[in-house]
Amino acid sequence: MSSGKKTLEDNLPDYYKQTRKEILEFIPATCNRLLDVGCSSGAFGSMAKETLGTEVWGVDPSSSVSQSASEVLDHFINNFFSEDLNLPKHYFDVITFNDSLEHFPNHIPPLEACHSLLKPDGVIVASIPNVRYIENLRHLLFEMDWNYEDMGIRDRTHLRFFTKKSILRTFAESGYQVLKIEGINPRYWWWESKRFSPVQLVIGKWIRDMNFLQFVVIATPVKS
């Protein structure tokens with residue numbers, strides 16, 4: 001029975017408490033040490049610890065999540081992620097960016113900083129919002145607006161915006177080989193029918209990416 005008392009976790013906005021369960025299937029089963037960049041309250045990291053038995057470190061600049069993340073993760077650093085942080089080198093099997101890369105003023109340096117933190121066979125697993133998502137394009141084209149919101153693609157704290165094509169370019173420019181890129185959280189506005197019309201077959205490659213709210217990337221540093 002609940003005591004009726006609110007915990008610190010209860011007082012956090014829902015934005016900070018998302019577990020991102022859909023990302024777990026992209027984490028290699030062999031992951032023993034995970035670094036979650038932009039870990040918020042530690043909800044995803046806590047779930048990864050419980051499900052995969054992995055050691056989880058978290059980094060987040062928000063002081064409001066500090067206590068909560070510290071309580072559920074193995075290690076927590078309350079700071080902006082950069083190469084200057086005191087993190088162990090060549091230590092992590094996986095580094096995750098769960099909708100956090102778009103919050104950086106420059107998205108290249110954090111990816112480059114991960115090179116020295118990953119093990120030789122380590123990977124980045126990143127969930128990145130898709131600016132070409134159909135609901136966002138409807139807002140842009142039919143409402144003729146770009147209205148920032150508390151959550152979602154037009155989150156007012158987003159500093160960068162990505163398409164599937166620019167995601168691939170970003171990782172290539174940062175020295176990574178993309179092993180997999182897959183759309184998640186779909187809205188099958190065009191592909192609901194199992195029978196495709198000739199028009200769908202002709203223009204499908206130009207609009208298929210619009211089904212997905214985010215893309216998940218698995219990438220590993222290019223071997224020199």
Side-chain angles (χ1 to χ4, degrees), residues 8-27 36-48 58-66 68-69 80-81 95-111 124-171 174 178 180-192 206-219:
L8 178 64
E9 176 81 8
D10 293 328
N11 291 325
L12 290 173
D14 290 341
Y15 187 91
Y16 293 114
K17 297 185 288 186
Q18 297 182 56
T19 59
R20 299 307 306 274
K21 185 177 181 180
E22 70 274 23
I23 304 301
L24 273 185
E25 67 178 270
F26 296 95
I27 306 297
D36 190 14
V37 178
C39 65
S40 293
S41 66
F44 172 77
S46 177
M47 181 179 58
V59 176
D60 199 286
S62 175
S63 58
S64 63
V65 303
S66 181
S68 176
F80 290 94
F81 179 72
I95 298 177
T96 52
F97 289 82
N98 288 329
D99 286 33
S100 58
L101 192 62
E102 64 275 9
H103 293 268
F104 287 86
N106 187 343
H107 53 293
I108 300 294
L111 292 177
I124 286 179
V125 177
S127 168
I128 302 175
N130 173 27
V131 76
R132 274 173 52 84
Y133 180 53
I134 183 60
E135 296 300 336
N136 190 54
L137 292 185
R138 281 176 174 167
H139 172 74
L140 178 64
L141 296 174
F142 295 106
E143 298 178 29
M144 296 179 288
D145 199 0
W146 188 271
N147 183 30
Y148 283 96
E149 300 174 335
D150 292 334
M151 294 179 64
I153 292 172
R154 298 187 307 280
D155 185 317
R156 55 179 47 88
T157 64
H158 287 181
L159 302 177
R160 296 280 174 170
F161 298 90
F162 296 90
T163 64
K164 181 180 180 181
K165 189 174 182 178
S166 71
I167 290 170
L168 293 170
R169 182 171 62 249
T170 291
F171 277 84
S174 304
V178 172
K180 182 176 184 178
I181 183 166
E182 182 175 319
I184 60 171
N185 296 319
R187 165 90 163 79
Y188 288 113
W189 62 281
W190 185 264
W191 304 102
E192 290 172 339
W206 287 289
I207 64 173
R208 189 175 293 111
D209 65 305
M210 294 162 58
N211 284 322
F212 303 105
L213 180 61
Q214 294 120 326
F215 283 96
V216 172
V217 182
I218 302 177

Give the minimum heavy-atom separation between [X] and [Y], together with the two atoms involved.
X    : Y    : value
M47  : T19  : CE-O, 3.1 Å
A69  : G42  : CB-N, 4.3 Å
G38  : S100 : CA-CB, 4.1 Å
I108 : S174 : CD1-OG, 3.3 Å

Is the backbone of F162 close enough, under 3.5 Å, to the side chain of S166 for a donor and an acceptor to pair up by distance?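 Checked: no pair found.
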For E149, side chain to side chain donor-acceptor pair (under 3.5 Å) partners two or more places apart: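 Partners of E149 under the side chain to side chain donor-acceptor pair (under 3.5 Å) test: R154.
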Note, [X] side chain near [Y] side chain (heavy atom, < 4.5 Å):
X    : Y    : value
R160 : N106 : yes
D209 : R132 : yes
N211 : I134 : no
V216 : K180 : no
I167 : I181 : yes
F97  : V217 : no
P110 : V37  : no
F215 : I128 : no

Who are the ring pair (Phe, Tyr, Trp, His ring centres under 6.0 Å) partners of H139, not counting sequence neighbours?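 Listed in chain order: nothing, the list is empty.
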Using ring centroids (six-membered ring only for Trp), state whether H158 and Y148 fall under 6.0 Å.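 Not under 6.0 Å, so no.
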List the steps, then state whether side chain to side chain contact (heavy atoms under 4.5 Å, CB included) holds for D150 with R156. CA-CA 6 Å; D150 292 334; R156 55 179 47 88; 2.3 Å; yes
Is there a side chain to side chain contact (heavy atoms under 4.5 Å, CB included) between D145 and L140? Walk through the geometry before answering. CA-CA 5 Å; D145 199 0; L140 178 64; over 6 Å; no
Could you state the interatomic distance from [atom1] ([X]) to [atom2] ([Y]), rounded to the nearest 0.5 Å?
X    : Y    : atom1 : atom2 : value
R138 : Y133 : CZ    : OH    : 8.5 Å
D99  : L101 : CG    : CG    : 10.0 Å
L137 : E143 : CG    : CD    : 12.0 Å

Between R187 and E135, is a salt bridge (charged side-chain N to carboxylate O under 4.0 Å, His left out) present by the stated rule, with each step listed? CA-CA 9 Å; R187 165 90 163 79; E135 296 300 336; 3.1 Å; yes
Hey, are S62 and D60 close enough side-chain-wise for a donor-acceptor pair under 3.5 Å?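 On atom types as modelled, these side chains do not qualify, holding no pair under 3.5 Å.
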Would you check if there is a donor-acceptor pair between the side chains of S127 and N98 at a distance under 3.5 Å?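 Not at all, the side chains of N98 and S127 share no donor-acceptor pair under 3.5 Å.
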side-chain contact (heavy atoms from CB on, under 4.5 Å) partner of Q214, chosen from N130, I153, I184: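 That would be I184.
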Give the intermediate values and the outcome of side chain to side chain contact (heavy atoms under 4.5 Å, CB included) for residues I23 and V125. CA-CA 8 Å; I23 304 301; V125 177; 4.1 Å; yes
What's the verdict on side chain to side chain contact (heavy atoms under 4.5 Å, CB included) for V59 and F80, showing C-alpha distance, side-chain angles and the deciding distance? CA-CA 7 Å; V59 176; F80 290 94; over 6 Å; no
